[in-house]
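Inspection log for the structure reproduced underneath, given as structure tokens.
None of the values given here were measured: they were computed from a predicted structure. Position 1 is the first residue of the sequence, and the numbers go up from there.
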Amino acid sequence: MIKKIEILPSEDFIIDYTIQFASKAIGVQSFIFKENQTSFKEDISKARTFGFMKDLAALNKIGLGKGVNLTNSIGITDEGILNKEGLRYGDEFVRHKVLDCIGDLYLAGARIKGHVKAFKAGHALNNKLLRKLFANKDAYVFIEEREQFYAA
């Protein structure tokens, strides 16, 4: 399974994200978030996390997923989604992944300006991206007066 994420120089904060799941409820979805062009509040913030019902018991067994319900999450089975009200966005699954990526990158301690391209990434790869970026002092520039990192 190929997963990848990279960050390229940009004057803007952009996340270009694609997901791919074998589930017919999800399939392949892409979304591009462009800060100052995409509304975080309207286009991203309402995207719920999602999970496959077949995995829930195993997650509960290791102490995860305890607060999961069909109000705060999207439940997926082989037949489709369980949420009676449907999706908040037609591509809610990829929008949630963009939301996760934004949150993970904000853990850098300052706003990042760069073009993030992600394919089937996730929290672990987002974290690896930041670690690799900050391990190479030539890969970024910190602008103190703006409190922003620029991918170099």
Report yes or no: do [X] and [Y] belong to one cluster of Ile/Leu/Val/Met/Phe/Trp/Tyr joined by side chain heavy-atom distances under 4.5 Å?
{"X": "L87", "Y": "F33", "result": "yes"}
{"X": "M53", "Y": "L59", "result": "no"}
{"X": "F93", "Y": "L82", "result": "no"}
{"X": "L105", "Y": "L8", "result": "no"}

Identify the two heavy atoms, one from [X] and one from [Y], that lie closest to each other, and give their separation to 0.1 Å.
{"X": "I26", "Y": "F50", "value": "CD1-CE1, 3.8 Å"}
{"X": "N126", "Y": "A121", "value": "OD1-CB, 4.2 Å"}
{"X": "Y89", "Y": "I44", "value": "OH-N, 3.7 Å"}
{"X": "I112", "Y": "F13", "value": "O-CD1, 3.2 Å"}
{"X": "R48", "Y": "E85", "value": "NH1-OE2, 2.7 Å"}
{"X": "Q29", "Y": "V94", "value": "OE1-N, 3.2 Å"}

Handout entry: Side-chain H-bond candidate by donor/acceptor type, H123 with N127, under 3.5 Å
Key =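 No - no donor-acceptor pair under 3.5 Å links their side chains.
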Handout entry: Carboxylate-amine/guanidinium proximity below 4.0 Å for E92 and K46
Key =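 So E92 does not pair with K46 through a salt bridge.
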Practice task
Tell me, yes or no, whether the heavy-atom count around K132 atom NZ, taken from other residues, nucleotides or ligands under 6.0 Å, exceeds 12.
Solution key: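 No, the 6.0 Å shell around NZ holds no more than 12 heavy atoms from other groups.
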Exercise for the section: Evaluate the criterion ring pair (Phe, Tyr, Trp, His ring centres under 6.0 Å) for residue pair F31 and Y17; output intermediate values, then yes/no. Expected result: CA-CA 6 Å; F31 189 84; Y17 211 113; 10.0 Å; no
Hey, can you pull the donor-acceptor pairs under 3.5 Å for the side chains in residues 67-81, sequence neighbours left out?
from, atom 1, to, atom 2, distance (Å)
N69, OD1, T71, N, 2.7
N69, OD1, N72, N, 2.9
N72, OD1, N69, N, 3.1
N72, ND2, G67, O, 2.9
T77, OG1, E79, N, 3.2
T77, OG1, E79, OE1, 3.4
T77, OG1, G80, N, 3.4
T77, OG1, G80, O, 3.3

Report yes if the side chains of [X] and [Y] come closer than 4.5 Å at any heavy-atom pair, otherwise no.
{"X": "I2", "Y": "K120", "result": "no"}
{"X": "E35", "Y": "K113", "result": "yes"}
{"X": "I32", "Y": "K34", "result": "yes"}
{"X": "H115", "Y": "D16", "result": "yes"}
{"X": "I14", "Y": "V116", "result": "no"}

Nearest 0.5 Å, what's the [atom1]-[atom2] distance between [X] and [Y]?
{"X": "C101", "Y": "Y106", "atom1": "SG", "atom2": "OH", "value": "11.0 Å"}
{"X": "I15", "Y": "K97", "atom1": "CD1", "atom2": "NZ", "value": "13.0 Å"}
{"X": "D138", "Y": "N136", "atom1": "CG", "atom2": "CG", "value": "5.0 Å"}
{"X": "D91", "Y": "H96", "atom1": "CG", "atom2": "NE2", "value": "13.5 Å"}
{"X": "L129", "Y": "L125", "atom1": "CG", "atom2": "CG", "value": "8.5 Å"}
{"X": "I102", "Y": "R111", "atom1": "CD1", "atom2": "CZ", "value": "11.0 Å"}

Problem - K117/I5 under side-chain contact (heavy atoms from CB on, under 4.5 Å): CA gap, chis, key distance, verdict - result: CA-CA 6 Å; K117 294 183 178 184; I5 190 167; over 6 Å; no
Practice task
Could you check whether the rings of F52 and F21 sit parallel, tilted or perpendicular, using 30° and 60° as the cut-offs?
Solution key: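 Taking F21 first and then F52, their aromatic rings sit tilted (interplane angle of 30° to 60°).
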